[in-house]
Undergrad: 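Dumping the structure here so I can ask a few things about it.
The sequence lines fix the lettering, A, B, ..., with proteins before strands; numbering per chain opens at 1. Because the structure is predicted, anything quoted here is derived from the model rather than measured.
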Amino acid sequence: MLQLFIRLLLSFLLLPIAVAENNTMNIYSDVENSVYQIQVLHKQTGKKSVIGSGFVVGQSNILATNYHVVSSYVTEPETYKLEYFSTSGERGSLELLDLDIVHDLAVVKAKKYLGKPLQLTTIPDKGASLYSLGNPMDLGFSIVEGTNNGLMKYSEDKNILFSGSLNPGMSGGPTLDADGNIIGINVATSGNEISFLVPAKHLAAILERLKARNYIAEKSFLKLTSNQLLNANSTFLKRILNADKWVYESIGGFSVPSELSRSVRCWDTSREPEKDDLFRSFFIRCSNERSIYLDTGLEVGVVEYEYQWLESDALNPARFYDYYEYLNTSNLVSDANQSDITNFSCNTRFVNVNQQEFKVTICRRDYRNYTGLSDVLITMAMVGHKSQGFIFNLDMLGTDFNMALKLFQKMLGEFKWNK
Amino acid sequence: MEQIILEIQANGLNQYHHIDEFPVTIGRAYDNDIILSDRSISAHHVIIECSEQGKLVFHNLSNENGTILNSKKLDNCPTKGGIPSILNLGHIQLRIVSPSTRVETTYRNECDHIFCAMGQHMWSAVLLFFTMGVLLLERYLETPYARDALYYFTLGFPYLIGILISTLFFATISRLTVHRWHFLSIMSIITLLILFSQFLSNIGHSLNYFFSSNTPLEISAQISYFILPLLLIFFFTKKIYRTNIPMTLGIAFVISFFYSLPYTLELIDSLNIEEEYAANSTNTPPYNKTLSSLDIRVQSSLSVDEFIQETQEKLSQEVREHLIANAD
């Protein structure tokens, strides 16, 4: 009797696991023929330079993937070519049709039938099981189960937080719900089962405009990406500029804007005081924690600013200013090189901001291939006080210069001197 | 019979032999009339005779390094030579002159210039202490932490050792070449070089802030790396060693070359980098970062709106030029 009870109990406990396994197996076998590896090959050597995943969507010869998988082909089509590679070992060439650089999506077309198009759907409830497919590290097609944690409301890109392990090579692969429909596209991971998916609606938007123009390829991708980036940037900046209320923070003698929007996060990064310090310093660093992948080493969309207050009762002005000047430095965090951008042009002036004098520098450099896109570095240091210093740095990568100036101007207008 | 003076040239102090009896034998063996201990000299190297007409006749005996008379290599036949003549035996150079040859005027060993004062104990010590004081003040100004005297002493000690070691180095060279140490003078010139460099860099820094430009400090740095050492060494050598101008220039160039070498390499590097990676040497734009508690400056303050408008126009124009330059 006891034996029977244990057996029953065991089978009852194992049942959900068996169901889950069944589901994973079914999903994999259902969509296996619609999932492909996307390869960027060097034309001269014929070897793979970048790999990613893709899936059939919209039409039987159309694949969707990530922009960052095909970016080297987009920027250097004379050096690279695009190919698909199936689970059964077939390969063929691909043509780029359209892309969305802001949401990291690209749509490519093959010359022949690739498989049954997968259906796009909306995001299920938080906690629902999701199944992600792709070819991690070129090791073979895999399916990864994880949990849906919904849209990240407060992040700039509003991707889906997927608690599952995505790995390099799975980029561009589909993530499906329990019914085998696509809810998102694999895009990034931070390790430890923190992964990100692009919501399927952004892919639906591309497919819609492709359908409207009968799946004809876009003519100039550089122009398209420039416009997409500038639009995303101006949408973000307009939202900040038109926001009803900013959050303010006091740092030293100033009250300054901190979180300009909910997607901006500010952190205290003050130096830990030591007992023989003859000064006090405070540091706040804010960032929209956004980066849009443009090309190898090139990420744009970043808006970062920092406030630094320095004061001292013990240092004489000469000593104080020596340290103040040492802190007065700013640089962009970017791997852009001369082929991507122009030299910096800077303007340094003394400016009166709310009755306080600042030495202000604005520097700008432009992207050579993306018309209208600039990197802007703004840095200013308060002058005229013997033992108080205040530094404000504002860096923006891949922005519209005039919009950046507007943001800067509005921020300065909000600086309030309290002392 | 002619009387001659044989001058054996050595660094600094030459040796002189009055010769009025011929033949005279020169070589490394101890049975020679004049013994030269250099290993490049043969045991019996050369014989100088006087002919019946009163002319000097040279017999080369050396099979190893031979004898060169007035830039002509001698074979084993006797060769006539006049006065004055220059004779090269191995590595040693000898000059044959007449006793009536005029010598250069004697200079008065008087302290008629600043370099002479720097050779005195008191002034060189004052200069050394003053320089150390300036160096320590610099360290003090750039330390925003409470530190005790020992900390500054440990910071200053390497400078002191550095000054003393380089002084010793150059004093040794001086001793080997002109048989005088000139220790204090050399130490003073090294401390002067440090002092002037510090002074120039401070002036450059203040001017940088004054004009909101990086150029003044760049110019003052180039002066203190390249021109200052050259000038100081030139005047020092000229006054202390009383060498002629071409030789002084040569010495000044050689010594200051070694001093400037690291800066020269840096300069070449920065020029190369500028060409190759100008846009991205560090992602740090070349703006003027100087701040000054005195706040003395040429520029008056603008309003935010004026500044924004000016920047918009200036940078748009400049970036357009960059892009056009690239397109060409």
Undergrad: Roughly how far, to the nearest 0.5 Å, is CD1 of A:Ile391 from CG of B:Leu291?
TA: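 Spacing of CG (B:Leu291) from CD1 (A:Ile391) equals 7.0 Å.
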Undergrad: With a 4.5 Å heavy-atom cut-off, do B:Asn288 and A:Thr361 have their side chains touching?
TA: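 They are not in side-chain contact.
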Undergrad: Could you grab the distance from atom OG1 of A:Thr348 to atom CZ of B:Phe211, nearest 0.5 Å is fine?
TA: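 If we round to the nearest 0.5 Å, A:Thr348:OG1 and B:Phe211:CZ are 15.0 Å apart.
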Undergrad: Run B:Tyr140 and A:Asn316 through side chain to side chain contact (heavy atoms under 4.5 Å, CB included) and show every step you take.
TA: CA-CA 11 Å; B:Tyr140 172 75; A:Asn316 62 45; 4.3 Å; yes
Undergrad: Is A:Ser339 close to chain B through its backbone or its side chain, or both, or neither, when contacts mean heavy atoms under 4.5 Å?
TA: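 No part of it gets close to chain B.
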Undergrad: Are the side chain of A:Lys386 and the backbone N or O of B:Ser293 linked by a donor-acceptor pair below 3.5 Å?
TA: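 Yes; at least one donor-acceptor contact below 3.5 Å.
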Undergrad: Identify which part of A:Phe408 has an atom lying under 4.5 Å from any heavy atom of chain B, answering side chain, backbone, both or neither.
TA: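 The side chain, not the backbone.
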Undergrad: What are the two closest heavy atoms between A:Ser330 and B:Pro285, and how far apart are they?
TA: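 Where A:Ser330 meets B:Pro285 most closely, the heavy atoms are O-CD, 4.1 Å.
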Undergrad: Counting only heavy atoms closer than 4.5 Å, note whether A:Ile362 contacts chain B via side chain, backbone, both or neither.
TA: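 Both parts, backbone and side chain.
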Undergrad: Can you tell me if A:Lys359 and B:Thr290 form a side-chain donor-acceptor pair at under 3.5 Å?
TA: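 There is such a pair (donor and acceptor under 3.5 Å, judged by atom type) between the side chains of A:Lys359 and B:Thr290.
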Undergrad: To the nearest 0.5 Å, tell me how far B:Glu310 CD sits from A:Asn347 CG.
TA: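 Those atoms lie 4.5 Å apart.
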Undergrad: With a 4.5 angstrom heavy-atom cut-off, is it the side chain or the backbone of A:Leu377 that approaches chain B, or both, or neither?
TA: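 For A:Leu377, side-chain heavy atoms alone lie under 4.5 Å from chain B.
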Undergrad: Got a second to check how far A:Arg364's CZ is from B:Glu318's CD, nearest 0.5 Å?
TA: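 Separation between the atoms: 10.0 Å.
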Undergrad: Between A:Asn352 and B:Ser301, do the side chains contain a donor N or O and an acceptor N or O under 3.5 Å apart?
TA: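 Absent: no donor and acceptor within the cut-off.
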Undergrad: Please confirm whether the backbone N or O of B:Thr143 pairs with a side-chain atom of A:Arg319, one donor and one acceptor, at under 3.5 Å?
TA: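 Between the backbone of B:Thr143 and the side chain of A:Arg319 there is a qualifying donor-acceptor contact (under 3.5 Å).
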Undergrad: I need the A:Phe344 CZ to B:Thr284 OG1 distance, nearest 0.5 Å.
TA: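 It is 7.5 Å, given to the nearest 0.5 Å.
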Undergrad: Report which part of A:Tyr324 has an atom under 4.5 Å of a heavy atom belonging to chain B: side chain, backbone, both, or neither.
TA: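 Both backbone and side chain of A:Tyr324 come within 4.5 Å of chain B.
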Undergrad: Any non-hydrogen side-chain atom of B:Asn283 less than 4.5 Å from a side-chain atom of A:Val333?
TA: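 B:Asn283 vs A:Val333: side chains apart.
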Undergrad: Donor-acceptor pair, B:Lys289 side chain versus A:Tyr326 backbone, under 3.5 Å?
TA: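 Checked: no pair found.
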Undergrad: How long is the gap from CG on A:Asp322 to CD on B:Glu138, to the nearest 0.5 Å?
TA: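 Answer for the CG-CD pair, A:Asp322 versus B:Glu138, is 7.5 Å.
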Undergrad: Does the side chain of B:Arg297 come within less than 4.5 Å of A:Glu357's, by heavy atoms?
TA: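 Of all side-chain heavy-atom pairs linking B:Arg297 with A:Glu357, at least one is under 4.5 Å.
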Undergrad: Heavy-atom distances under 4.5 Å only: say whether A:Asn402 touches chain B with side chain, backbone, both or neither.
TA: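 When you check distances to chain B, atoms from both the backbone and side chain of A:Asn402 fall under 4.5 Å.
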Undergrad: Have A:Gln409 and B:Asp305 got a donor and an acceptor in their side chains that come within less than 3.5 Å?
TA: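 The answer is yes; a qualifying pair exists.
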Undergrad: Indicate yes or no: at least one non-hydrogen side-chain atom of A:Leu412 is less than 4.5 angstrom from one of B:Phe307.
TA: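 The answer is no, as the side chains (C-beta and beyond) never meet within the 4.5 Å cut-off.
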Undergrad: Non-hydrogen atoms of chain B under 4.5 Å away: do they reach the side chain of A:Tyr367, the backbone, both or neither?
TA: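 Backbone only.
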